[in-house]
Amino acid sequence: MNKKRYLVTSALPYANGYIHLGHIAGAYLPADIYVKYKRLKKEDVIFICGSDEHGTAIEISALKEKVTPKEIIDRYHFANEKAFRDLGIEFDIYSRTSNEIHHKTSQEFFLNLYNKKLLIKKSEKQLYSEIDKKFLADRFVEGTCPICGYEEARGDQCEACGSNLSPLELINPKSKISGDTPIIKESSNFYFPLEKFQTKLEEWISKKTNWKSNVKNYCEGWFKTGLKDRAITRDLDWGVKVPLEGYEGKVIYVWFEAPIGYISATKELFIKKGDPEKWKEYWCDDNTKLIHFIGKDNIIFHAIVFPAMLMAHSGFILPENIPANEFLNLEGGKLSKSKGHGILVKDIVQEYNPDLVRYVVASNLPENKDSDLSIEDFKTKNNNELAGILGNFINRTVVFTKNKFNNKVPERNRNDLEILEDIKKQTEVIEECYENFRFRDALNETMNLARIANKYFNDSEPWNVIKTDIEKCKHIINNCLNICYSIAIAIYPLLPFTSKKILKILNVENSDLSWDKIGKINLVENVELGTNEILFPQIENINKSLENKMEEEITITDFQKLNLKIAKVITCEKVPNSKKLLKLKIKIGKDERQIVAGIAEHYTADELIDKSIVVVANMKKTKIMGIESEGMLLAAKINNKLVLITTDKPIDDGAEVS
RNA sequence: GCCGGAGUAGCUCAGCUGGUUAGAGCGUCGGAAUCAUAAUCCGCAGGUCGGGGGUUCAAGUCCCUCCUCCGGUACCA
């Protein structure tokens with residue numbers, strides 16, 4: 001019988017931004033907890049992750065910052081790698097898709113499908129720049145929108161009117177790289193026949209009775225719409241080159257190549273370990289359970305696209321489970337980079353004990369639905385739970401030992417194992433949680449160990465017993481110290497740093513942790529303890545500013561780009577068929593113009609007439625629901641309240657705001 | 001507009017295929033204790049399970065409808 005193996009992956013973070021708590025809650029912390037638990041159970045498990053480093057977004061960031069893509073990916077790759085490490089998230093390997101081994105692996109994968117004639121070749125007219133010497137990907141083209149006339153529409157979409165475009169539709173297209181006017185040229189690209197795999201996928205997923213319902217629901221949604229073939233190559237520089245002659249200047253699309261990163265990273269891991277063939281045990285052997293930890297935005301890729309790719313390639317195992325999480329909100333608001341709302345890991349670890357961060361996130365994991373995290377939690381959970389329940393038990397036990405028994409493990413002197421058995425029994429409850437990917441429950445049940453322990457301490461009253469029966473007291477404290485050790489093991493998946501600290505306090509730093517040791521007698525009598533330490537000092541104040549650290553700072557020059565003016569509303573009417581749009585005519589000095597504003601849910605058209613408002617006067621023209629808008633009015637918004645910005649005292653329209 | 005998801009105690013959330021008095025953690029309150037980071041332990045708190053209607057012997061749990069929020073997708077030439 002072959003032993004079961006676990007191959008655990010966390011979604012490859014895109015190397016175009018810093019990791020924040022939403023990411024951690026979605027894909028990384030649950031995976032790390034799971035892996036640590038499996039390791040305690042002495043299971044064969046490897047934990048794979050790495051940076052996803054290709055794609056247009058990175059290339060565009062590089063273009064914007066006038067640096068090479070390599071600089072961008074290096075910045076985020078190393079920063080994120082460190083962020084994970086700081087949080088105690090320990091991958092066996094944190095690789096990156098820019099590595100040579102990944103390029104090679106992806107190309108082999110591609111060729112495998114190509115040689116089987118599975119890929120569909122489609123020729124399409126594409127824009128080609130003779131100066132840049134390449135085909136221009138959608139987002140590298142700019143031109144006039146054929147629908148609304150907006151002059152800087154992107155190749156894929158017009159930001160002004162929202163129309164989806166293809167670069168060929170643009171009037172006067174220009175290369176965003178060189179400004180060159182591209183010509184139309186035939187370009188052929190390959191498509192992956194996803195449609196063909198739909199039946200097989202549906203069948204496969206229908207058998208996955210232990211998958212979370214949210215994951216299955218998403219899949220069913222996609223099936224219902226019908227899977228469509230997806231382009232697998234595109235005209236770009238930055239990425240894995242298409243390994244065929246005549247396809248120079250084309251790369252493999254990131255969605256295809258990134259998940260292969262799990263395979264390349266596994267290869268890399270075993271090359272480093274000096275056993276270069278061993279990766280196959282994890283990817284090609286049915287005794288291995290492949291588990292992808294991801295956020296819900298990634299479900300389509302891990303539950304549908306990648307499995308289809310693996311089926312097409314054949315020889316690989318398919319995922320056993322995909323315990324995708326929903327999204328983590330912060331103070332009721334969505335975590336989003338663009339809105340400057342969120343907590344970056346690199347910042348939070350400066351502020352708090354990483355185990356506290358793990359604890360707060362783990363107790364709020366969005367396992368069944370989007371969840372909400374409050375900054376206040378860092379304080380209350382630290383003080384009330386970690387310090388009060390867990391830290392306190394360790395501390396009261398150790399301090400008691402120090403004061404009454406010379407800081408040495410007192411002797412056992414009776415045959416009473418009941419409390420240790422209770423502890424053991426509780427761990428079975430915890431195990432069940434882990435096996436079912438219920439990490440929030442696991443955390444709660446783990447804390448119950450400390451609750452049981454505190455109760456035992458209270459009920460046993462060693463501070464009284466010592467006055468009448470010192471032997472009995474020794475036994476009690478011996479139990480408590482052994483419970484401390486058990487707790488150190490049990491909390492290890494959740495609070496690895498604290499676990500180590502407890503071992504140090506117990507002076508058994510080098511002991512090999514194993515789940516089986518929980519509820520057993522592990523400490524040697526009369527051995528002296530180490531130095532005590534307060535595990536979770538009380539937190540008095542919390543730093544609310546953390547949530548805003550994502551906001552970009554600007555200079556006065558940036559501000560001056562805005563041309564803010566006072567305007568007077570002349571007429572105003574509701575835009576038919578819209579929920580929140582009002583169309584208003586405004587007067588800015590001599591200038592009269594029309595703007596469309598999304599405030600109908602807060603103001604009626606009549607209320608606005610004659611009001612003095614503040615508008616951004618140099619806003620690019622745009623069309624909203626087909627209506628031209630030549631500016632943007634300012635309003636303050638919080639929760640669901642919205643009020644217009646107006647002036648303190650009357651002032652003529654046209655006045656500048658600065 | 002359409003398709004999903006969600007709306008359960010003050011807060012954060014559990015409640016599988018409908019079935020005894022709707023649960024947990026934290027907070028609040030009362031009590032016990034004082035070894036411990038004013039930490040612990042015990043007890044209590046009574047929430048029309050978003051509104052309304054329906055099916056059923058029985059619904060938080062199924063059906064219809066409405067409201068609110070969140071995703072996805074479409075359209076508004």
Side-chain angles (χ1 to χ4, degrees), chain A residues 145-149 158 161-164 209-210 212-225 295-297 299-300 326-329 331-334 336 359-360 362-374 376-377 379-405 433 436 438 440-441 443-448 450-467 473 476-477 480 532-540 575-579 581 601 623-627 639-640:
Chain A
C145 173
I147 292 156
C148 69
C158 171
C161 68
S163 313
N164 289 320
T209 50
N210 57 337
K212 289 170 62 170
S213 61
N214 60 344
V215 178
K216 295 192 87 164
N217 282 341
Y218 270 91
C219 293
E220 274 156 30
W222 288 103
F223 290 142
K224 223 154 89 184
T225 323
K296 65 175 165 187
D297 51 326
I299 290 174
I300 178 148
E326 304 279 311
F327 289 145
L328 179 74
N329 294 322
E331 306 285 2
K334 211 192 342 173
S336 114
Y359 187 85
V360 169
S363 60
N364 283 297
L365 288 177
E367 290 177 331
N368 296 307
K369 55 183 174 189
D370 288 3
S371 67
D372 196 16
L373 181 106
S374 160
E376 197 72 28
D377 283 355
K379 179 179 170 180
T380 57
K381 290 197 186 279
N382 180 76
N383 295 357
N384 301 334
E385 300 180 36
L386 289 172
I389 298 166
L390 173 64
N392 183 234
F393 175 71
I394 308 293
N395 187 248
R396 72 200 298 203
T397 302
V398 172
V399 170
F400 197 96
T401 309
K402 189 177 166 193
N403 292 342
K404 310 292 182 184
F405 299 113
C433 296
N436 291 300
R438 296 200 329 264
R440 213 158 48 179
D441 285 347
L443 175 127
N444 199 16
E445 296 297 349
T446 302
M447 287 305 282
N448 278 339
R451 292 189 179 98
I452 292 169
N454 272 315
K455 181 172 168 48
Y456 174 73
F457 201 107
N458 268 48
D459 294 352
S460 307
E461 303 186 4
W463 59 92
N464 281 335
V465 172
I466 196 166
K467 295 175 197 158
C473 183
I476 293 167
I477 296 302
C480 288
N532 190 27
E533 178 189 355
I534 296 293
L535 295 171
F536 299 97
Q538 296 284 328
I539 292 175
E540 302 295 334
V575 175
N577 298 324
S578 82
K579 202 163 73 178
L581 298 186
E601 287 172 311
K623 274 195 180 177
I624 301 171
M625 281 186 74
I627 301 167
N639 297 326
N640 273 329

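Letters A, B, ... are given to chains in the order of the sequence lines, protein chains preceding strands, and every chain is numbered from 1.
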Apply side chain to side chain contact (heavy atoms under 4.5 Å, CB included) to A:Asn395 and A:Leu535, showing your working.
-> CA-CA 8 Å; A:Asn395 187 248; A:Leu535 295 171; over 6 Å; no
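In this structure, the CD1 atom of A:Ile539 is 15 Å from the C1' atom of B:A39, given to the nearest Å. Between the CG atom of A:Asn383 and the C1' atom of B:C11 there is a distance of 17 Å, rounded to whole Å. Taking atom CG of A:Leu328 as the reference point, atom P of B:G71 lies 14 Å away to the nearest angstrom. Between the CZ atom of A:Arg396 and the C1' atom of B:U34 there is a distance of 9 Å, rounded to whole Å. Computed from coordinates, the A:Lys455 NZ to B:A33 P distance equals 15 Å when rounded to whole Å. Atom pair A:Ile299:CD1 and B:G72:P shows a separation of 13 Å (rounding to whole Å applied). A:Leu373 has its CG atom 11 Å from the P atom of B:U12, to the nearest Å. For the pair A:Phe223 CZ and B:C3 P, the computed distance is 20 Å after rounding to whole Å.
For the residue pair A:Cys480 and A:Phe457, the shortest heavy atom distance occurs at SG-CD1, 3.7 Å. Of all heavy-atom pairs spanning A:Gln538 and A:Ala387, the tightest one is NE2-CB, 3.9 Å. Here the closest heavy-atom approach between residue A:Ser363 and residue A:Val360 is recorded as OG-O, 3.0 Å.
When both distances must be under 3.5 Å, the Watson-Crick or G-U wobble mate of B:G43 is B:C29. B:A6 and B:U68 make up a base pair, with Watson-Crick or G-U wobble contacts both under 3.5 Å. Here B:G60 sits opposite no nucleotide as a Watson-Crick or G-U wobble pair (both hydrogen-bonding atom distances under 3.5 Å). In this structure B:A24 sits in a base pair with B:U12, meeting the Watson-Crick or G-U test at under 3.5 Å. The partner of B:U34 is absent, by the rule that a Watson-Crick or G-U pair needs both atom distances under 3.5 Å.
Nucleotides B:G7 and B:G47 are separated by 14 Å at their C1' atoms, to the nearest Å. B:A45 and B:G4 have their P atoms separated by 41 Å, given to the nearest Å. B:C75 and B:C2 are spaced 15 Å apart, taking the P atom of each and rounding to whole Å. B:G60 and B:U8 have their P atoms separated by 15 Å, with the value rounded to a whole Å. The same atom, P, is picked in B:A59 and in B:C49; the two are 12 Å apart, to the nearest Å. Spacing between B:A14 and B:G54 at atom C1', rounded to whole Å, works out to 28 Å. Nucleotides B:G71 and B:C57, compared at atom P, are 42 Å apart to the nearest Å. Of the P atoms belonging to B:U61 and B:C16, the separation is 11 Å, rounded to the nearest Å.
Minimum atom distance to the side chain of A:Asn392 is reached by B:A36, of the listed B:C13, B:A36, B:C41. Side-chain proximity of A:Tyr218 to B:U40, B:G71, B:A14: nearest is B:G71. In this structure, of B:G71, B:U40, B:U37, it is B:U37 that holds the atom nearest to the side chain of A:Phe536.
A:Lys212 contributes atom NZ, which lies 11.0 Å from atom OH of A:Tyr218 (distance to the nearest 0.5 angstrom). Going from atom CD1 of A:Ile394 over to atom CD1 of A:Ile389 covers 12.5 Å, rounded to the nearest 0.5 Å.
Evaluation of the side-chain hydrogen bond (donor to acceptor under 3.5 Å, both in side chains) rule for A:Asp441 yields A:Arg438 as partners, not counting sequence neighbours. Applying the side-chain hydrogen bond (donor to acceptor under 3.5 Å, both in side chains) test to A:Asn364 and every residue at least two apart in sequence or in another chain returns A:Asp377.
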B/S/- along nucleotides 24-31 of chain B (protein heavy atoms under 4.0 Å) is SSSS----
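For residues 382-396 of chain A, every residue pair satisfying the salt bridge (Lys or Arg N to Asp or Glu O under 4.0 Å) rule, not counting sequence neighbours, is listed here: A:Lys381-A:Glu385.
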Enumerate the protein-to-nucleotides 5-9 of chain B contacts in which both atoms are nitrogen or oxygen and the separation is below 3.5 Å.
none

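Using a 4.0 Å heavy-atom criterion, one finds that A:Phe457 contacts the bases of the nucleic acid, with or without backbone contacts as well. Heavy atoms of A:Gly391 sit under 4.0 angstrom from at least one base atom. Across all strands, A:Arg438 comes closer than 4.0 Å to no nucleic acid atom at all (heavy-atom distances).
Side chain to side chain, A:Asn448 and A:Arg451 meet the donor-acceptor criterion of an N or O pair below 3.5 Å.
The aromatic ring of A:Trp463 is stacked on the base of B:C35, with the two ring centres less than 5.5 Å apart and the planes inclined by under 30°.
Each of A:Asp441 and A:Ile452 was assigned the nucleotide of RNA chain B with the nearest heavy atom; the assignment lying further toward the 5' end belongs to A:Asp441. Residue-to-nucleotide proximity on RNA chain B shows that, of A:Gly388 and A:Asn403, the 5′-proximal contact is made by A:Asn403.
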Side-chain donor-acceptor pairs under 3.5 Å in residues 398-405 of chain A, sequence neighbours left out?
unit_1: A:Thr401; atom_1: OG1; unit_2: A:Thr397; atom_2: O; d: 2.7
unit_1: A:Asn403; atom_1: ND2; unit_2: A:Val399; atom_2: O; d: 3.4

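Not a single donor-acceptor contact under 3.5 angstrom links the side-chain atoms of A:Asn458 to the base of B:A33.
Within the 4.5 Å cutoff, side-chain heavy atoms of A:Ile476 are placed close to those of A:Tyr456.
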